[in-house]
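In what follows, chains are A, B, ... by sequence order, proteins preceding strands, each numbered from 1.
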2 protein chains.
Amino acid sequence: MSARILVVDDEMQIRKMLRIALRSVGYEVTEADSVESGLAALVRQQPDLLVLDLGLPDGDGLELLSELRSFSKVPVIVLSVRNGDSDKIKALDIGAQDYVTKPFSVEELLARVRAQLRDRLPDKTPAVLDDGYLHIDLARRLVTCKTQEVELTPKEYAVLATLAQHRQCVITQKQLLEQIWGPTHGQDSHYLRIVVSHLRQKIGDDPTEPKYLKTEAGIGYRLML
Amino acid sequence: MSARILVVDDEMQIRKMLRIALRSVGYEVTEADSVESGLAALVRQQPDLLVLDLGLPDGDGLELLSELRSFSKVPVIVLSVRNGDSDKIKALDIGAQDYVTKPFSVEELLARVRAQLRDRLPDKTPAVLDDGYLHIDLARRLVTCKTQEVELTPKEYAVLATLAQHRQCVITQKQLLEQIWGPTHGQDSHYLRIVVSHLRQKIGDDPTEPKYLKTEAGIGYRLML
DNA sequence: GAAGGGCGTAAAGAGATCGTAAAGATTGGG
DNA sequence: CCCAATCTTTACGATCTCTTTACGCCCTTC
């Protein structure tokens with residue numbers, strides 16, 4: 001029952017309040033106060049839920065969110081003083097599960113935390129895929145190929161991670177493009193061909209007879225792992 | 001993309017607003033104005049998402065919620081004028097996924113609807129047909145034949161998938177052609193014969209005595225699986 | 001038993017999609 | 001401000017898919 005929750009907020013007072021409230025009902029709480037330390041904590045601790053403030057000293061919480069969505073499906077509750085529509089919509093569309101405006105009721109937040117954990121814990125996508133040759137660690141954002149680490153650019157990793165999150169499933173080009181390049185690039189499929197080409201070269205997959213990154217002509221791609 | 005959404009609210013104005021907003025972005029919307037008609041609509045239409053007002057003439061929306069949770073996991077967004085903590089907490093703990101207080105921004109609601117549908121659609125219907133020899137996995141877009149993967153072109157898969165979605169039923173040539181080739185190709189039935197021929201070869205079905213892809217002469221085709 | 005319609009198959013050309021390399025544009029860090 | 005990494009643009013050959021065309025079969029009908 002005791003879930004791990006990461007709180008990313010730069011205001012110490014808020015962190016303290018959340019820490020006390022969340023610990024009092026049995027959660028393990030860890031904290032971070034910036035985009036960078038937040039990402040680091042995410043990778044290291046792999047929490048079950050993230051409470052994320054938007055106003056951070058070294059960048060926008062939304063950046064953190066879109067970054068983490070490339071390798072994790074952890075539920076995120078965004079916390080913000082901004083009550084405008086556009087921020088809410090942006091956050092939810094990037095991948096947040098909920099959005100709470102400050103000032104907020106602690107009891108309400110706890111209820112929303114419960115709702116997220118209740119609905120999402122059953123989901124058990126393994127964060128590591130491995131077949132002895134290719135090794136993909138979604139939590140650590142690490143890909144190794146026969147013990148040799150593979151260096152991937154952000155786009156390359158995003159494509160591979162998206163495919164990895166639905167392994168064996170065909171992901172359409174449109175899905176990949178809209179999720180990674182943005183909603184306006186739904187038909188720029190040449191980007192994808194280039195990235196997939198690079199990925200195949202880096203993981204040593206023969207394009208004419210791919211073992212891992214299979215092409216579904218006219219549809220999309222699929223990771224066999 | 002087009003999900004079915006049920007709106008349960010007794011205020012006609014709200015229903016109208018939601019209907020217009022939701023339909024304008026491509027959802028199918030159905031409506032109910034009471035606990036009883038809401039439950040009936042839920043059972044009959046099995047929507048992908050429920051927008052639920054708490055104040056209903058014949059009872060509390062929370063009753064409907066707890067009732068429906070005994071037989072359905074459909075995501076629920078609660079809508080309410082009540083801004084008190086206790087209602088929010090109750091609704092979320094009973095099984096609501098989100099809670100929006102009236103008056104609300106339509107754009108925000110749409111974003112929350114998107115967030116719910118995005119997170120839930122993946123774990124929908126397993127959609128696998130299998131008889132030990134032929135295996136059709138509609139979710140993964142994967143067809144295997146005696147453990148051997150069958151490689152299908154987009155058109156071939158589209159035909160097979162359409163038949164699979166209505167297995168045992170006859171699908172007319174016109175239906176298949178218009179849905180897959182477009183509304184202008186309703187009578188180009190030779191396309192269909194060629195694709196079916198290829199499909200039979202690839203899954204090893206004898207055309208003179210087909211086990212899976214049966215021809216209904218003059219009408220269409222039917223998948224027996 | 002000949003004719004015609006619907007069906008199944010094969011093969012070739014047209015068209016779309018894919019993989020790749022390399023040059024230009026952007027971005028972020030030093 | 002420059003450099004390096006990344007992304008975008010451009011180009012072209014290879015490959016796959018779709019369409020077209022052709023022909024043989026089976027059945028029904030006359």
* Asked: Any idea which of D:dC7, D:dC18, C:dT20 is nearest the A:P154 side chain?
  -> D:dC7

* Roughly how far apart are B:Y221 OH and B:Q173 CD, rounded to 0.5 Å? -> 6.0 Å

* Select base, sugar-phosphate, or nothing to describe what B:E156 touches, counting heavy atoms under 4.0 Å on all strands. => nothing

* To do: Would you please confirm or rule out a distance under 4.0 Å between OP1 or OP2 of C:dA21 and any side-chain N or O of A:Q201?
  => yes

* Are B:Y221 and C:dG6 close enough that a side-chain N or O sits under 4.0 Å from OP1 or OP2? -> no

* At what distance, to the nearest 0.5 angstrom, does CG of B:D205 lie from CZ of B:R200? -> 6.5 Å

* Supply the atom-to-atom distance A:I5 CD1 to A:Q116 CD, rounded to the nearest 0.5 angstrom. => 11.0 Å

* Asked: OP1 or OP2 of C:dC18 less than 4.0 angstrom from a side-chain nitrogen or oxygen of A:T215, does that happen here?
  -> no

* side-chain N/O A:R200 vs C:dG19 OP1/OP2, d < 4.0 Å -> yes

* To do: Would you please confirm or rule out a distance under 4.0 Å between OP1 or OP2 of D:dT19 and any side-chain N or O of B:W181?
  => yes

* Give one of base, sugar-phosphate or nothing for B:Y157, where a contact means two heavy atoms less than 4.0 Å apart. => nothing

* Structure fact -> To the nearest angstrom, the CD-P distance between A:E151 and D:dC7 comes to 13 Å

* To do: Return no unless some side-chain N or O of B:T153 is found under 4.0 Å from OP1 or OP2 of D:dC18.
  => yes

* C:dC18, D:dT9, D:dT21: which one has an atom nearest the side-chain heavy atoms of A:Y191? -> D:dT9

* Asked: Between A:R193 and C:dC18, is there a side-chain N or O to OP1/OP2 distance below 4.0 Å?
  -> yes

* Between C1' of D:dT10 and NE2 of A:H190, the distance in whole Å -> 9 Å

* Structure fact -> Which of C:dT20, D:dC18, C:dG8 is nearest the side chain of B:S197? It is C:dG8

* Check ion pair B:E209-B:K214 (N to O, under 4.0 angstrom) -> no

* Asked: Given C:dC7, is OP1 or OP2 found less than 4.0 Å from the side-chain N or O atoms of B:Q173?
  -> yes

* Drop me the distance from A:L109's CG to A:E107's CD, to the nearest 0.5 angstrom. => 9.5 Å

* In terms of side-chain heavy atoms of A:A217, which of C:dC18, C:dT9, C:dG19 is nearest? -> C:dC18

